[in-house]
Amino acid sequence: MWPTTIPAAIALQEELRSKIVVADDFGTVTRVAGVDVGFEDEGTTARAAVVVLSFPELRPLDYALVRAPTPFPYVPGLLSFREIPVVLDALAQLAQPPDLLICDGQGIAHPRRLGIASHLGLLVDIPAIGCAKSLLIGHHPSLPATKGSQVRLPIAANTSVSC
DNA sequence: GCGACAG
DNA sequence: ATCTTGTCGC
């Protein structure tokens, strides 16, 4: 069953965090999937879109678009409970299952090390990368001023939190 | 107590 | 995330 309350969701994260395996090697990747979720009807409907590309060619191989009732409110730190259910439905419809997932949200750079990418990857047992557009917690060193600069930052920098 | 807070 | 208007860059 899926958590319905904030305490239950946090408890589940605490339970799952130990299962996370941090890796810099994703093994042999043949198909990579881009995953994202949008909302309709004032947030009451969740819409998942998954596209599978060949790797490294990046040719579209498959995709799925699924809508379902939104199961959980947006709570910073608990995004996965709002977006994952409909994503699971979409992933189940793929004829070409991916070897790697790239999600719009945090991975282990999360208060309890379980951002949506980590959570989803754990549930479907597929390596996942969190590709968030902004920071949820922590800090990082100042970045190069030039767009496209190659930098190597600590994973989930300064994640000292008291949540 | 106050501010911050993925999408 | 979504909505909506104005502005910017190619």
Side-chain angles (χ1 to χ4, degrees), chain A residues 2-24 26 32-53 63-94 98 100-124 126-143 145-149 151-163:
Chain A
W2 201 246
T4 296
T5 67
I6 291 177
I10 293 177
L12 182 53
Q13 289 184 327
E14 294 289 10
E15 180 186 328
L16 295 177
R17 64 182 302 174
S18 61
K19 292 184 162 186
I20 292 295
V21 175
V22 180
D24 54 8
F26 299 104
V32 59
V35 182
D36 196 14
V37 175
F39 295 90
E40 304 173 348
D41 311 323
E42 302 173 70
T44 59
T45 298
R47 162 183 23 80
V50 178
V51 61
V52 181
L53 308 178
Y63 76 91
L65 185 55
V66 174
R67 272 169 242 264
T70 304
F72 203 90
Y74 170 67
V75 180
L78 302 179
L79 178 67
S80 62
F81 296 95
R82 178 174 174 78
E83 302 194 344
I84 281 185
V86 69
V87 169
L88 293 179
D89 288 345
L91 289 176
Q93 292 193 5
L94 296 174
L100 175 66
L101 304 173
I102 296 183
C103 310
D104 189 350
Q106 309 293 348
I108 58 177
H110 176 279
R112 288 167 295 283
R113 298 273 117 133
L114 206 79
I116 185 170
S118 306
H119 194 167
L120 179 60
L122 215 48
L123 293 185
V124 298
I126 296 176
I129 297 174
C131 189
K133 298 181 292 298
S134 63
L135 221 48
L136 173 59
I137 54 163
H139 298 85
H140 63 75
S142 58
L143 301 174
T146 305
K147 187 190 305 179
S149 296
V151 296
R152 182 71 177 178
L153 300 176
I155 293 178
N158 305 342
T159 310
S160 54
V161 184
S162 55
C163 292

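Residue numbers start from 1 in every chain, and the chains themselves are labelled A, B, ... in the order their sequence lines are given, proteins ahead of strands.
Note on A/Arg47: a side-chain N or O is less than 4.0 Å away from OP1 or OP2 of C/dT2.
For A/Ile137 and B/dA4, the CD1 to P distance is 17 Å, given to the nearest whole Å. Here the C1' atom of nucleotide B/dG7 and the NZ atom of A/Lys133 are 6 Å apart, to the nearest Å. With rounding to whole Å, A/Asp36 atom CG is found 6 Å from C/dA1 atom P. Atom CD in A/Glu83 sits roughly 9 Å away from atom P in C/dT2 (whole-Å rounding). Atom P of nucleotide C/dT2 and atom CG of A/Asp104 are separated by 10 Å, given to the nearest angstrom. Atom CD in A/Glu40 sits roughly 19 Å away from atom P in B/dG7 (whole-Å rounding). Residue A/Leu136 contributes atom CG, which lies 15 Å from atom C1' of C/dA1 at whole-angstrom precision. In this structure, the NE2 atom of A/His139 is 14 Å from the P atom of B/dA6, given to the nearest Å.
Shortest non-hydrogen contact noted between A/Pro71 and A/Arg82 is CD-O, 3.5 Å. A pairwise comparison of heavy atoms in A/Ser80 and A/Ile116 identifies CB-CA, 3.8 Å as the closest pair. Across all their heavy atoms, A/Glu83 and A/Phe39 have their closest contact at OE2-CE1, 3.6 Å.
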Decide yes or no on side-chain contact (heavy atoms from CB on, under 4.5 Å) for A/Val124 and A/Leu101, but give the supporting numbers first.
CA-CA 10 Å; A/Val124 298; A/Leu101 304 173; 3.8 Å; yes

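Aromatic ring pairs are classed by plane angle as parallel below 30°, tilted from 30° to 60° and perpendicular above 60°; the pair A/His119 and A/Phe81 is perpendicular.
Among the atoms of the strands shown, only primed sugar atoms or phosphate atoms (P, OP1, OP2) are found under 4.0 Å from some heavy atom of A/Phe39. A/Leu114 comes within 4.0 angstrom of no nucleic acid atom, judged by non-hydrogen atoms across all strands. Using a 4.0 Å heavy-atom cutoff across all strands shown, A/Gly115 reaches at least one base atom of the nucleic acid. Contacts of A/Ile116 with the nucleic acid, taken as non-hydrogen atoms under 4.0 Å apart, include base atoms. The residue A/Gly77 sits close to a base: some heavy atom pair falls under 4.0 Å.
C/dA1 has no base stacking with the ring of A/Tyr74 when judged by centroids under 5.5 angstrom apart and an interplanar angle below 30°.
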